[in-house]
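The next block holds one structure in the form of C-alpha cells; read it before the comments.
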Amino acid sequence: MLTTILTLIMISFVAALIGAVIPGPVFAVTLTESVRRGSLAGPLIAIGHFMVEAAIIFLAFFGLGNLLKLEFTRISLGYLGGLALILMGIYFLLSSRKIQYNERKKQNLGFLSHGPILAGFLASLSNPYFFLWWVSPGFPLMYKSIEIAGLIGFVCFYVGHCAADLGWFGFVSFSTSKSKKILNEKRVEWIVVGGAFFLIILGFYFIYSVVS
C-alpha cells in the first residue's frame with residue numbers, strides 16, 4: 001500500500017511540475033510579484049492558484065471535464081483568458097514606475113495582504129491552457145488515482161499536485177527575490193515591464209490561437 005501511495009504522489013508531482021515549469025501567466029505574475037514583494041509572493045500566489053484548482057476538482061464530479069472539451073468552451077476561454085492577460089499586463093506596466101526598494105516601502109508591502117493571492121487566482125483563471133491541462137492529463141490522472149486507491153488515491157493525487165506547484169513557484173519566488181541584492185531599482189523596473197509585456201503578448205497569442 002505504501003508503494004502505491006508513493007507512486008501515485010510521484011506521478012502526480014511530475015505531471016503537475018511539467019505543466020508548472022512551462023512559462024505562463026502564473027509564472028510571469030510570480031516573477032513580477034516576487035521582485036515587488038519578496039520571497040513569500042510565490043507561496044501566496046500558489047494559494048490563489050490552489051483556490052481555482054480546488055473549485056475545478058469540485059466541479060469535475062459534476063461533468064466539468066466534458067464541458068471543457070467543447071469547442072465553444074475552448075473559444076470562450078481563448079477570448080476571455082486573452083483579454084484578462086492583456087489587462088493584467090497593462091496594470092503591471094502602469095504600476096512598474098511606482099516600485100521602490102527602501103526599508104520603509106518593504107515594511108509597507110504587507111505579505112499577508114490579499115494581493116499575491118488574488119494575482120495567482122486571476123492569473124490561473126486567465127490561462128486557457130491551465131484548463132486544457134486539467135482535461136489531459138489532470139482529470140484522467142485524478143480519476144485513475146481514485147480508481148486505484150479510492151479516497152486515499154485522490155489525496156495522493158492532490159498532495160503530489162500541490163507539492164509540485166508550491167515547490168516550483170516558491171523556488172521561482174525565492175530565487176527572484178534574492179536577486180534584488182544585485183539589482184537596482186531601474187533594473188527591477190525593467191523586469192516588471194518585461195513580465196508585463198510577456199502577459200500582453202501571451203494574451204494576444206491566446207486570442208490569435210482562437211481566431212486562426
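Note that these values count all heavy atoms, side chains included, but never hydrogens, waters or copies made by symmetry.
Put simply, Leu166 and Phe171 are part of the same group of oily side chains (I, L, V, M, F, W, Y) that touch within less than 4.5 Å, one to the next. A single hydrophobic cluster is not seen to contain both Phe72 and Tyr79; linkage of ILVMFWY side chains at heavy-atom distances under 4.5 Å, directly or through other members, places them apart. In the hydrophobic cluster analysis, where Ile, Leu, Val, Met, Phe, Trp and Tyr join through side-chain heavy atoms closer than 4.5 angstrom, Leu118 is grouped together with Leu31. Cluster membership for Phe121 and Ile47, using ILVMFWY side-chain heavy atoms within less than 4.5 angstrom, is shared. In the hydrophobic clustering of ILVMFWY residues, with side-chain heavy atoms under 4.5 Å counting as a link, Tyr208 and Phe130 come out apart.
Closest of all the heavy-atom pairs between Leu17 and Ala164 is N-CB, 3.7 Å. Across Pro116 and Leu44, no two heavy atoms sit closer than the pair CB-CB, 3.7 Å. The heavy-atom pair separating Ala16 from Asp165 by the smallest distance is O-OD1, 4.2 Å. When every heavy atom of Asn127 is checked against every heavy atom of Pro25, the shortest pair comes out as ND2-CD, 3.4 Å. Taking both residues in full, the closest heavy atoms of Val29 and Ala123 are given as CG2-CB, 3.9 Å, listed atom of the first, atom of the second, then distance. Contact record, Ser12 with Gly160: OG-C, 3.7 Å, taken as the closest heavy-atom pair.
Looking only at side-chain heavy atoms (C-beta outward), Ser173 and Ile45 stay at 4.5 Å or farther from each other. Using a 4.5 Å heavy-atom cutoff, the side chains of Phe13 and Val159 are not in contact. No side-chain heavy atom of Phe157 sits under 4.5 Å from any side-chain heavy atom of Leu8.
Thr176 and Ser34 share no donor-acceptor pair across their side chains, judged by distance under 3.5 Å alone.
Considering CD1 of Ile117 and CG of Leu122, their distance stands at 12.0 Å, rounded to 0.5 Å. Here the CG-CD1 distance, from Leu87 to Ile200, works out to 9.0 Å after rounding to the nearest 0.5 Å. Taking CZ of Phe174 as the reference point, atom CG of Leu40 lies at 11.0 Å (rounded to 0.5 Å). Separation of atoms OH (Tyr158) and CZ (Phe50) is listed at 6.5 Å; rounding is to 0.5 Å. From Phe204, atom CZ reaches atom CD1 of Ile207 across 6.5 Å, with rounding to the nearest 0.5 Å. Between atom OH of residue Tyr205 and atom CD1 of residue Ile86 there is a gap of 14.0 Å, rounded to the nearest 0.5 Å.
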request  = Mind running side chain to side chain contact (heavy atoms under 4.5 Å, CB included) on Phe197 and Leu93 for me, showing each step along the way?
outcome  = CA-CA 8 Å; Phe197 275 114; Leu93 281 177; 3.9 Å; yes

ask   = Could you go step by step and tell me if Thr30 and Trp168 meet the side chain to side chain contact (heavy atoms under 4.5 Å, CB included) rule?
value = CA-CA 10 Å; Thr30 301; Trp168 171 248; over 6 Å; no

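For Phe154, the CZ atom counts as densely surrounded, since its 6.0 Å shell holds more than 12 non-hydrogen atoms of other residues, nucleotides or ligands.
The aromatic rings of Phe139 and Tyr143 lie parallel to each other, with less than 30° between the two planes, well short of the 60° mark.
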Scan the side chains in residues 52-60 for donor-acceptor partners under 3.5 Å anywhere in the protein, sequence neighbours excluded, and list what turns up.
from  : atom 1 : to     : atom 2 : distance (Å)
Glu53 : OE1    : His161 : NE2    : 3.1
Glu53 : OE2    : His49  : NE2    : 3.1
Glu53 : OE2    : His161 : NE2    : 2.5

